[in-house]
Amino acid sequence: MLYELLLNLLFILVGIFLQHLWAEKTGNDHSKIVITVVTAVTIILCILLQLDQSFIQDLKFIPFIIGSLYGGIFVSILLFFIMLLVYLFVYGLTSTIVPLFLIFGSVGLACGLLSSRFYKWTMTKKIQAMVAFACLVPLFMFFFMNNHQIDSYHTLFLLITPVIAMIIVGYIMEAMRETVSLRQQIIKAEKSEVVSQLAASVSHEVRNPLTVTKGFLQLVLESEDLPLEKRKEYIRLALEELDTASNIINDYLTFAKPAPAYWELLDIGIHLKHIEDIISTYAHMNSVRIESELVSCVIQGNKQQFHQCFLNITKNCIEAMPDGGVLTIYTSIFQKHVLIQISDTGIGMTKEQLNRIGEPYFSTKEKGTGLGMMVVYSIIKAMKGTITIQSNLGQGTTFTIRIPIAVPR
């Protein structure tokens with residue numbers, strides 16, 4: 001009999017763990033369909049593995065109580081009829097069917113009606129309620145179904161065992177539900193914190209160029225005797241600061257919504273060559289020589305975001321070489337993917353800096369916001385690609401981007 005009791009308990013625990021896995025995956029631990037299916041299967045398994053020579057035939061009442069309390073009155077009624085049909089199929093129409101009907105009908109109705117209040121209770125109160133019902137069912141079954149003599153030790157064991165089983169099952173179930181709930185709260189809090197940090201960062205970074213722009217425009221407006229050359233210079237500087245603010249906002253919007261409205265086929269060779277032409281002047285100004293070896297293959301992406309991504313990377317590489325150096329752009333094809341390696345001979349990064357690349361607020365540049373690399377990661381991810389970075393202090397940095405090929409050539 002102990003073997004059958006342990007197997008019944010195992011069925012119940014496996015059902016709870018399956019329900020927990022579903023809640024972990026979906027974040028929904030109140031699904032009545034899942035509760036019904038899991039508890040119904042557990043009840044059927046318990047009925048099929050009966051206890052011999054006992055007034056308690058099995059532990060089916062434990063999943064029945066749990067399903068009724070967590071599922072509500074409708075689930076309770078459904079489980080009741082499933083249990084009744086399976087019992088009739090296995091045992092047939094016996095003299096115990098009427099007591100079973102009355103006991104489980106009453107307990108199921110009570111649990112179903114209590115369900116709405118049950119959800120609002122603390123863990124301790126919930127377990128107390130489950131244990132109370134687990135005590136009542138064996139007692140009723142003992143008085144109504146005990147047609148043969150059973151020794152007192154045997155009786156005591158069968159009355160106490162369901163209570164202990166319900167305490168174990170109830171605690172595990174509530175602990176798992178609280179874990180899922182806590183994890184969901186942490187995820188929401190983290191998302192809210194990230195949004196708050198990004199909003200604060202963008203607000204701060206946009207305010208700086210706007211303040212500078214306002215100052216230059218006030219000088220132009222208030223200084224009537226300002227020379228024409230100075231006036232033009234102030235207006236040019238104001239426009240540059242407005243461009244800076246616009247770029248920051250664009251970076252933020254790209255990070256917030258990296259998936260483009262439409263996809264197009266992009267030839268890696270052509271577009272990387274275009275990016276090389278764009279940055280060549282900036283590289284020349286910083287005494288940086290560009291070396292490239294480009295292959296021709298096609299990927300799926302968005303032209304504007306592709307340019308933004310690789311302009312950010314190459315610009316960062318050039319700025320990491322204040323005393324000049326070499327910027328290398330190398331592409332190759334490997335296992336239906338194109339590998340794009342962008343290397344510099346600049347100042348490099350420490351291991352700690354490397355681990356923080358792509359985080360909000362973090363930048364190796366004095367006036368950087370960290371949004372540029374966040375945008376790079378978001379765009380690469382949207383194109384179903386991956387990015388890895390290798391760097392050593394004083395030895396330069398290498399970005400390796402891997403993107404699936406759309407149409408191999």
Side-chain angles (χ1 to χ4, degrees), residues 247 251 254 258 260 263-351 353-354 357-358 363-365 368 372-409:
N247 289 335
D251 282 347
T254 304
W263 292 99
E264 54 189 314
L265 295 177
L266 305 175
D267 190 305
I268 285 286
I270 294 173
H271 288 280
L272 285 178
K273 178 62 179 171
H274 180 67
I275 289 165
E276 183 183 340
D277 293 339
I278 292 173
I279 62 166
S280 59
T281 304
Y282 188 62
H284 181 71
M285 288 171 55
N286 288 271
S287 304
V288 173
R289 187 175 79 256
I290 301 176
E291 295 180 356
S292 63
E293 185 177 335
L294 308 176
V295 297
S296 180
C297 64
V298 178
I299 64 166
Q300 273 194 330
N302 178 272
K303 179 181 175 181
Q304 180 183 351
Q305 290 189 359
F306 181 87
H307 285 189
Q308 184 179 8
C309 172
F310 286 95
L311 281 172
N312 279 345
I313 295 174
T314 51
K315 186 171 177 288
N316 283 344
C317 289
I318 291 170
E319 290 172 353
M321 297 182 280
D323 300 322
V326 180
L327 173 66
T328 305
I329 305 173
Y330 174 80
T331 60
S332 60
I333 296 174
F334 179 72
Q335 293 182 350
K336 298 182 180 180
H337 286 75
V338 59
L339 298 181
I340 305 167
Q341 288 185 315
I342 302 175
S343 306
D344 65 59
T345 57
I347 57 176
M349 290 179 283
T350 64
K351 189 170 288 186
Q353 290 174 328
L354 194 61
I357 288 292
S363 175
T364 55
K365 293 181 285 187
M373 283 308 299
M374 290 173 67
V375 167
V376 168
Y377 276 93
S378 297
I379 293 173
I380 297 296
K381 184 179 179 181
M383 291 192 295
K384 299 180 180 179
T386 59
I387 178 170
T388 56
I389 307 173
Q390 294 177 323
S391 183
N392 291 304
L393 202 60
Q395 297 180 17
T397 304
T398 300
F399 296 83
T400 303
I401 298 97
R402 179 174 175 148
I403 303 172
I405 297 173
V407 183
R409 290 184 178 179

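Keep in mind the model is a prediction, meaning the values are calculated, not measured. Below, each value reflects all heavy atoms present in this structure, side chains not excepted, and no hydrogens, waters or symmetry copies.
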Evaluate side-chain contact (heavy atoms from CB on, under 4.5 Å) for Leu266 paired with Lys303, printing each intermediate quantity in order.
CA-CA 7 Å; Leu266 305 175; Lys303 179 181 175 181; 4.0 Å; yes
Go through the steps to decide whether Ile270 and His274 satisfy the test side-chain contact (heavy atoms from CB on, under 4.5 Å), and finish with yes or no.
CA-CA 6 Å; Ile270 294 173; His274 180 67; 5.7 Å; no
Could you check whether any side-chain heavy atom of [X] comes within less than 4.5 Å of a side-chain heavy atom of [Y], counting everything from C-beta outward?
X	Y	answer
Phe306	Glu264	no
Ile389	Met373	yes
Met321	Thr345	yes
Glu319	Asn286	no

Working to the nearest 0.5 Å, report the span between [atom1] of [X] and [atom2] of [Y].
X	Y	atom1	atom2	value
Cys297	Leu339	SG	CG	9.5 Å
Thr331	Leu294	OG1	CG	5.0 Å
Ser280	Met285	OG	CE	11.5 Å
Leu327	Arg289	CG	CZ	10.5 Å
Ser378	Gln308	OG	CD	10.0 Å
Ile329	Phe310	CD1	CZ	9.5 Å

Check [X] against [Y] and note the closest heavy-atom contact, atom names and distance.
X	Y	value
Ala320	Asp344	CB-OD2, 4.3 Å
Gln353	Thr350	OE1-N, 3.0 Å
Pro404	Lys384	CD-O, 3.4 Å
Val298	Ile405	O-CG2, 3.3 Å
Cys309	Ile380	SG-CD1, 3.7 Å
Thr314	Ile275	OG1-CG2, 4.2 Å

Might you work through the side-chain contact (heavy atoms from CB on, under 4.5 Å) test for Leu272 and Tyr330, ending with a clear yes or no?
CA-CA 10 Å; Leu272 285 178; Tyr330 174 80; over 6 Å; no
Donor-acceptor pair, distance only, cut-off 3.5 Å: does the side chain of [X] make one with the backbone of [Y]?
X	Y	value
Thr328	Ile290	no
Gln300	Trp263	no
Asp267	Gly269	yes

Side chain to side chain donor-acceptor pair (under 3.5 Å) contacts touching residues 387-399 (sequence neighbours left out)
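Residue pairs with at least one partner in residues 387-399: Ser343-Thr398, Ser391-Thr397.
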